[in-house]
Amino acid sequence: MDVLNQISQKIAQTIAEIYGVNEEVTLQPTRKDFEGDYTYVFFGLVKSLKKSPPEIGNALGTYLLENFEDFESYNVVQGFLNLKLKNSFWLAVFKNVISENIVMEIPENAPAVMVEYSSPNTNKPLHLGHLRNNFLGYSVSEILKAAGYNVTKACLVNDRGIHICKSMIAYSKFGNGETPESGGLKGDHLVGKYYVEFDKAYKAEINELIAKGVPEEEAKKKAPIMLEAQDLLVKWEQNDPETIDLWKKLNGWVYEGFGKTYKTIGVDFDKTYYESNTYLLGKDLVEEGLANGIFYKKEDNSVWIDLTEEGLDHKLVLRGDGTSVYITQDLGTTDLKFSDFHSEKSIWVVGNEQDYHFKVLFAIMKKLGRSYAEGCYHLSYGMVDLPSGKMKSREGTVVDADDLVAEMIETAAVSTKEKGKIDDFENDEAQNLFRMLALGALKYFLLKVEPKKRMLFNPEESIDFQGNTGPFIQYTHARIKSILRRANITENQTIEIAEGSILNKEELDLVFLLNQYNDIIQKAAEEYSPAIIANYVYDLAKTFNGFYAQHSVINETDESIKTLRLALVKKIAQTIKHGMGLLGIEVPEKM
RNA sequence: GGUCCCGUAGCUCAGCUGGAUAGAGCAACAGAUUUCUAAUCUGUGGGUCAUAGGUUCGAAUCCUAUCGGGAUCACCA
């Protein structure tokens, strides 16, 4: 039920009736320090009607009370009209809220949206930065689904290029045929190890050359191992069988490793693109742009676009030798994605260091007259910093995703066992709970912050289970489920609310929040912001805990109040579960 | 240097499509458990919303400038 709309309309009607003017009425929740549910700010009317605030406020309030039955009382403070709605009105809202199913069916013809995220390189394992990306992408996808879109989760794997060749060279030189099995290493970590080995060998060679009197710049270019890597890239592009075999072997290990990580962190994709299949795309778009006069050719045959009118620069779209650059591929891939799924909106979850790249990409698409250009959006997110500063792979300060998750699970296990509440759990049941709590803490920690903001990852705080954290919300859910178990309420049971029930202050607060949930989902979808969901669910859990401390459900002697509270807490549990689901976080029945 | 993003309590963050006395959590201190899970709840202290102007009845929020932090300005991806 759209409460805000209903009331706004009544106020607009009142203004038209009394003053004969049409006003757009927007409401806001009344501040806690004042009496009321919703507040209408009418300074605008004071000005245009040239009447005093009390005069207008009282006239509106009186009229509303006399002509509409939903209003209980009003008060006027300066230009603020605070309106209090009747308990019976909120009871009707509550009944409506519990009758609605949160999970809705997505119709076949719902608008299609593609969310591309994760998009890893296959030369090293995932780290903390990737986790923010994965959690964001997954969550935004779920939020868009909840808002009624037909979502395709896509992953573009960067499986080719010089960085993979580096791992390949190092592996063939120093690998001695090591396999994930023989080395006891996850595949992605194994390949990552040789990427590091390459860097070591490369640096040693540079130093050797410098010692021989070669200038540093030249040494970097001429180090033999680097030349070998570049040579390998050429061989790869020429489809050299031996090179392709090695490439396939290493990538296979990496995919196996990634697969395990994705499974643990609960992330998945509907469609995977591989850059090795798409890196040649885009050249026909360059031709098209040249034919249309959107691109121009320089003397050396390189192709450029002038984006100075868009506030950008001249940008290269094809090298003089006819080979692709990053943007060339992206032009082609974007076109391919659209022809595959015809998405109305297309979202790229990519770090903010690529802000410029996406501005250019979208500007070019627009110039090429692509209909979907308007629906393209770069969901840019800030870096994750450590208390010690930036994560730098060269300095070994990168937080590995697998290690981090394992540590979090261990911490969850220790603190859960301390509490002694799950002594009756079977072992795998307990393990599952530890995983749930660990990931809940981690995901919530990374998602509660607005995506575009740079954030600080403090390992100690992220494994905190108190206050504004995932486990706090998970705990609240478990508490409610415990009540429902005791009351023998099952998931599908409908609970009838008695006519004329009266909601107390704490119950009203909860109904007020529950009624907002649909709007919150829409807002989060419009802004591509899981943080909005996180803050809402936290608020709901916190408000419930306040209620819980003051009122008993099970021990309430008045049966009609008890029933009402059972329905209320059941709905809260469902909403928490659903909201956390949108963040990719599971909630336990018991903890 | 050009462009873009950020700056709110000791720390981590909400609030930013202009509204009332700027909110949470952590940390500190004081309380609450014979009663549905205390991973909880209640209370106390803590702020020149980076700075300076401007617009407005009203600015953390919009505009301008300055300062501080970051990103980017590759024929790398």
Side-chain angles (χ1 to χ4, degrees), chain A residues 26 28 30-34 39 41-44 46-47 53 77-80 82 119 121 158 160-163 275 279 298 300-304 311-313 315-321 323-330 351-357 359 380 382-383 385 387 390 412 415-416 418-419 421-422 437 441 445 448-450 452-458 460-462 464-476 478-487 531-532 534-535 538-539 541-542 544-556 562 565-566 569 590-591:
Chain A
T26 51
Q28 52 190 297
T30 301
R31 283 183 66 109
K32 290 262 185 289
D33 335 289
F34 297 89
T39 296
V41 184
F42 60 91
F43 283 100
V46 171
K47 212 173 174 187
V77 183
Q78 298 168 52
F80 301 91
N82 300 321
S119 304
N121 289 357
N158 186 356
R160 51 141 245 129
I162 189 72
H163 45 284
E275 218 170 87
Y279 81 107
K298 284 193 178 174
D300 64 354
N301 264 331
S302 59
V303 181
W304 296 72
L312 303 166
D313 254 316
K315 178 82 188 171
L316 177 94
V317 293
L318 196 70
R319 292 193 187 103
D321 62 5
T323 57
S324 298
V325 288
Y326 180 39
I327 195 98
T328 324
Q329 294 179 43
D330 253 10
N352 63 6
E353 67 274 13
Q354 296 199 32
D355 285 355
Y356 184 76
H357 170 77
K359 277 187 188 169
S380 164
M383 297 199 167
D385 286 327
K390 279 178 74 168
S415 55
T416 303
E418 258 173 26
K419 306 254 187 280
K421 289 181 186 174
I422 61 153
L437 295 177
F445 188 85
K448 74 176 176 187
V449 180
E450 207 53 49
K452 75 173 172 185
K453 291 203 178 172
R454 196 184 178 95
M455 68 177 296
L456 185 79
F457 184 84
N458 187 325
E460 274 141 42
E461 275 176 30
S462 68
D464 213 332
F465 291 177
Q466 274 143 30
N468 189 358
T469 65
F472 168 88
I473 298 164
Q474 290 170 317
Y475 172 71
T476 307
R479 260 185 154 181
I480 298 175
K481 291 318 280 265
S482 171
I483 296 174
L484 295 175
R485 271 195 303 277
R486 280 170 187 270
I532 291 173
N535 288 322
Y538 171 64
D539 198 14
K542 198 170 128 62
F544 167 80
N545 281 318
F547 162 83
Y548 183 91
Q550 287 187 64
H551 306 285
S552 179
V553 178
I554 303 287
N555 302 318
E556 174 55 50
K562 181 175 172 179
R565 287 184 184 163
L566 282 170
V569 301
K590 266 176 92 173
M591 67 183 271

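Lettering of chains follows the sequences in order, A, B, ..., and the numbering in each one begins at 1.
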Nucleic acid footprint by protein, nucleotides 21-30 of chain B - heavy-atom cut-off 4.0 Å, B for base, S for sugar-phosphate alone: S-SSSS----

Salt bridge or not for A:Arg31 and A:Asp33, using N-O below 4.0 Å? yes

Are the side chain of A:Thr416 and the backbone N or O of A:Ala412 linked by a donor-acceptor pair below 3.5 Å? yes

Are the side chain of A:Thr39 and the backbone N or O of A:Asn82 linked by a donor-acceptor pair below 3.5 Å? no

Is the phosphate of B:rC6, meaning OP1 or OP2, less than 4.0 Å from a side-chain N or O of A:Lys452? yes

If I pick the P atom on B:rC29 and the same atom on B:rG69, what distance separates them, to the nearest angstrom? 35 Å

B:rG7 and B:rU51, which share atom name P, separated by this distance in whole Å: 13 Å

Tell me, with the steps shown, if A:Tyr548 and A:Ile480 meet side chain to side chain contact (heavy atoms under 4.5 Å, CB included). CA-CA 9 Å; A:Tyr548 183 91; A:Ile480 298 175; over 6 Å; no

Take atom NZ of A:Lys590 and atom C1' of B:rC36, then tell me their distance rounded to the nearest Å. 14 Å

Spell out yes or no: do the side chain of A:Thr476 and the base of B:rA39 have one donor N/O and one acceptor N/O closer than 3.5 Å? no

Return the value, rounded to whole Å, for the distance between atom OH of A:Tyr548 and atom P of B:rU42. 14 Å

Check every strand shown and say whether A:Met455 touches a base, only sugar-phosphate, or nothing at a heavy-atom separation below 4.0 Å. sugar-phosphate

Counting side-chain heavy atoms from C-beta on, which of B:rC13, B:rA20, B:rU37 comes nearest to A:Tyr475? B:rU37

Does any non-hydrogen side-chain atom of A:Phe80 lie less than 4.5 Å from one of A:Thr30? no

Side chains of A:Arg479 and A:Asn545: does their closest heavy-atom pair fall under 4.5 Å? yes

May I ask you to verify if any side-chain N or O of A:Arg486 is less than 4.0 angstrom from the OP1 or OP2 atom of B:rU37? yes

Using the P atoms only, state how far B:rA59 lies from B:rG54, rounded to an integer number of Å. 12 Å

C1' spacing across the pair B:rC73 / B:rC13, given as an integer number of angstrom: 31 Å

Here the pair of heavy atoms bringing A:Pro387 nearest to A:Phe457 is CD-O, 3.0 Å

Which heavy atom in A:Lys448 sits nearest to a heavy atom in A:Ala531, and how many Å separate them? O-CB, 3.5 Å

Heavy-atom protein contacts under 4.0 Å, nucleotides 70-77 of chain B, coded B base, S sugar-phosphate only, - none: SSS--BSB

Could you give the distance separating B:rC75 and B:rA71 at their C1' atoms, to the nearest angstrom? 22 Å

Earlier contact from the 5' end, RNA chain B, for A:Leu437 and A:Gln550: A:Gln550

Does A:Ser380 form a side chain to side chain donor-acceptor pair (under 3.5 Å) with A:Asp355? I'd like the steps, not just the answer. CA-CA 7 Å; A:Ser380 164; A:Asp355 285 355; 2.8 Å; yes

Phosphate contact (B:rC36 OP1 or OP2) by A:Ser552 side-chain N/O below 4.0 Å: no

At a cut-off of 3.5 Å, list every protein nitrogen or oxygen paired with a nitrogen or oxygen from nucleotides 58-62 of chain B, distance to 0.1 Å.
none

Smallest separation among heavy atoms of A:Val317 and A:Trp304, with atom names: CG2-N, 4.2 Å

A:Lys421 side-chain N/O to B:rU37 phosphate OP1/OP2 under 4.0 Å: no

Pairwise C1' distance for B:rU8 and B:rA14, with rounding to whole Å: 10 Å

So which protein N/O to nucleotides 45-47 of chain B N/O distances come out below 3.5 Å?
none

Within the 4.5 Å heavy-atom criterion, are A:Lys419 and A:Met591 side-chain neighbours or not? no

Would you tell me if any nitrogen or oxygen in the side chain of A:Arg479 comes within less than 4.0 Å of OP1 or OP2 on B:rA38? yes

Could you say whether the aromatic ring of A:Phe80 and the base of B:rA20 stack, counting only centre distances under 5.5 Å and plane angles under 30°? yes

Taking the side chain as every heavy atom from C-beta outward, state whether A:Phe465 and A:Gln474 have any pair of such atoms under 4.5 Å apart. no

With distance as the sole test, does A:Asp539 use its side chain to make a donor-acceptor pair with the main-chain N or O of A:Asn535 at under 3.5 Å? no

Compare the minimum distances between each of B:rA20, B:rC57, B:rA14 and the side chain of A:Asn535, then state the nucleotide with the smallest one. B:rA14

When rounded to whole Å, the CD1 to C1' distance for the pair A:Ile483 and B:rU35 reads 12 Å

Whole-Å P distance, B:rA74 and B:rG25: 47 Å

A:Asn545 (side chain) and B:rA38 (base): donor-acceptor pair under 3.5 Å: no

Run the side chain to side chain contact (heavy atoms under 4.5 Å, CB included) test against A:Glu556 and tell me which residues pass, sequence neighbours left out. A:Asp558, A:Ile561, A:Lys562, A:Arg565

Can you identify which nucleotide, out of B:rC57, B:rU12, B:rA14, has its nearest atom closest to the A:Leu456 side chain? B:rU12

Does RNA chain B take part in any stems of at least 3 consecutive Watson-Crick or G-U pairs (both distances under 3.5 Å), and if so, which ones? B:1-7 with B:67-73, B:10-13 with B:23-26, B:28-32 with B:40-44, B:50-54 with B:62-66

Under 4.0 Å between any heavy atoms, over every strand shown, what does A:Glu556 touch: base, sugar-phosphate, or nothing? Just pick one. nothing

Hey, does A:Asn82 reach any base, or is it just sugar-phosphate, or nothing, if we go heavy atoms under 4.0 Å? base

Between B:rC62 and B:rU55, how far apart are the two C1' atoms, rounded to whole Å? 8 Å

Rounded to whole Å, the CG-C1' distance (A:Asp385 to B:rC13) equals 15 Å

Within the structure shown, what part of the strands sits under 4.0 Å from A:Phe465 by heavy-atom distance: base, sugar-phosphate, or nothing? base

With no hydrogens and no angle check, do the side chains of A:Arg454 and A:Asn352 hold a donor and an acceptor under 3.5 Å apart? no

Side chain of A:Val41 (C-beta onward), nearest among B:rG19, B:rA20, B:rU12: B:rG19

Search all heavy atoms of A:Ile554 against all heavy atoms of A:Ile483 and return the closest pair with its distance. CD1-O, 3.6 Å

Between A:Phe472 and A:Thr476, which heavy-atom pair has the shortest distance, and what is it? O-OG1, 2.8 Å

Could you check whether any side-chain N or O of A:Lys315 sits under 3.5 Å from a backbone N or O of A:Ile327, counting only pairs where one atom can act as donor and the other as acceptor? no

Taking every non-hydrogen atom, the tightest pair across A:Phe43 and A:Gly79: CZ-N, 3.5 Å

